[in-house]
Asker: 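After the structure tokens below, expect a handful of questions from me.
Whatever order the structure lists ligands and atoms in, that order sets their numbers, starting from 1.
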Amino acid sequence: MRICIYNASGVKCKTHMELYELYRDSCDTGAVVSKSTTLLERNGNPGPIYYENPHVGMSINSSGLPNRGYQYYIDFAKTLKTNASNLYLRKKPYFVSISGMSLADNIRMAKYTKTDTEFLDGIELNLSCPNIIGKPQIGYDFVAMEEMIRKVREEISNEILFGLKLPPYFDISHYESAGAIINEFKVDTLTCINSLGNGLMVDPYSESVVIRPKNGYGGIGGSVIKSIALANVHYFYKHTKSEIIGCGGITKGLDAFEHILCGAKAVQLGTIVMIEGLDAFTRIKNELIAVMKEKKYTSIEDFRGKLKYFD
Ligand code: DHB
């Protein structure tokens with residue numbers, strides 16, 4: 001059974017070594033996505049930038065886009081592709097997440113994809129990084145979002161998948177505005193959702209914030225965001241032409257099942273992989289298979305999107 005479970009961008013996917021670990025046959029990922037990249041290398045925010053509370057399955061992050069620059073993430077795929085002994089590795093799709101510091105930078109990276117189609121299966125254009133000081137999330141500015149999608153879509157190779165990583169929406173009018181913009185374009189995939197931006201975790205014992213940047217404000221992930229993720233997955237499944245990739249709050253197979261029931265075609269794991277390591281992919285895959293067996297489903301298409309409502 002092919003079940004697509006893979007990493008959420010940002011989670012253990014910044015260096016070639018980390019990407020390779022995710023890509024190996026022994027790692028139960030069905031695809032791999034890179035850390036969000038800018039055109040040029042960045043150091044990101046000063047630490048501590050990440051904190052987790054495993055008891056409640058919750059995390060906060062504010063890395064500030066530390067990454068090695070676009071070319072480094074293409075070079076990873078080139079190395080795999082040209083290394084004959086790694087032939088078996090090339091079965092997994094590889095996506096690069098792009099999150100340029102400006103529209104112009106995203107356009108530059110989009111243009112580059114035309115020469116990289118041999119190595120690259122797709123781009124996940126990140127419209128929802130909450131951690132750059134002075135830079136609001138594009139996905140909450142519908143005018144900027146429309147322009148961003150239009151101009152990047154124009155430049156990206158048609159031979160690869162074009163996806164968007166969306167922030168969580170909360171108000172129905174915002175779902176509608178975002179959905180209407182997305183439907184203007186050929187958008188192959190929507191990853192719903194990025195972390196809940198600008199949350200605050202507090203340590204009552206030290207009476208302090210738990211991360212340094214922005215006086216402790218950062219992106220919240222983990223089981224606490226699952227219901228928001230499911231709502232976004234389901235809305236965009238119902239109201240757009242794109243395939244949905246569910247992300248947010250998946251800590252067990254049943255959570256992945258819920259995402260698929262709401263319409264997700266694949267799911268990404270974030271906080272749980274930070275807490276448990278790469279074995280989380282295998283555990284959650286096996287748990288999902290067990291749930292499906294119990295319910296006598298042989299394929300995710302037997303239940304995908306078939307969430308029931310009251311009359
Ligand atoms: C970062 C966080 C995000 O949620 C994201 O989408 C991209 C980058 C970060 O802080 O590095």
Asker: At less than 4.0 angstrom from any atom of ligand 1, which residues have a non-hydrogen atom? List them by chain and residue number.
Answerer: Lys35, Ser36, Asn61, Ser62, Ser63, Gly64, Leu65, Pro66, Asn126, Cys129, Pro130, Asn131, Asn194, Ser195

Asker: Pair up each side-chain donor or acceptor in residues 157-170 with any protein partner under 3.5 Å, not counting sequence neighbours, and list the distances.
Answerer:
unit_1, atom_1, unit_2, atom_2, d
Ser157, OG, Glu159, N, 2.9
Asn158, OD1, Arg153, NH2, 3.2
Tyr169, OH, Gly139, O, 2.6

Asker: Ignoring hydrogens and geometry beyond distance, is a side-chain donor-acceptor pair present between Tyr70 and Asp116 at under 3.5 Å?
Answerer: yes

Asker: List the residues meeting side chain to side chain donor-acceptor pair (under 3.5 Å) with Ser242, not counting sequence neighbours, and say none if there are none.
Answerer: none

Asker: Please determine, by modelled atom types, if Tyr20 and Arg24 share a side-chain donor-acceptor pair under 3.5 angstrom.
Answerer: no

Asker: Would you call Lys226 and Glu258 a salt bridge, using N to O less than 4.0 angstrom?
Answerer: yes

Asker: Give me each pair satisfying side-chain hydrogen bond (donor to acceptor under 3.5 Å, both in side chains) with a member in residues 207-216, each pair once, sequence neighbours excluded.
Answerer: Asn198-Lys214

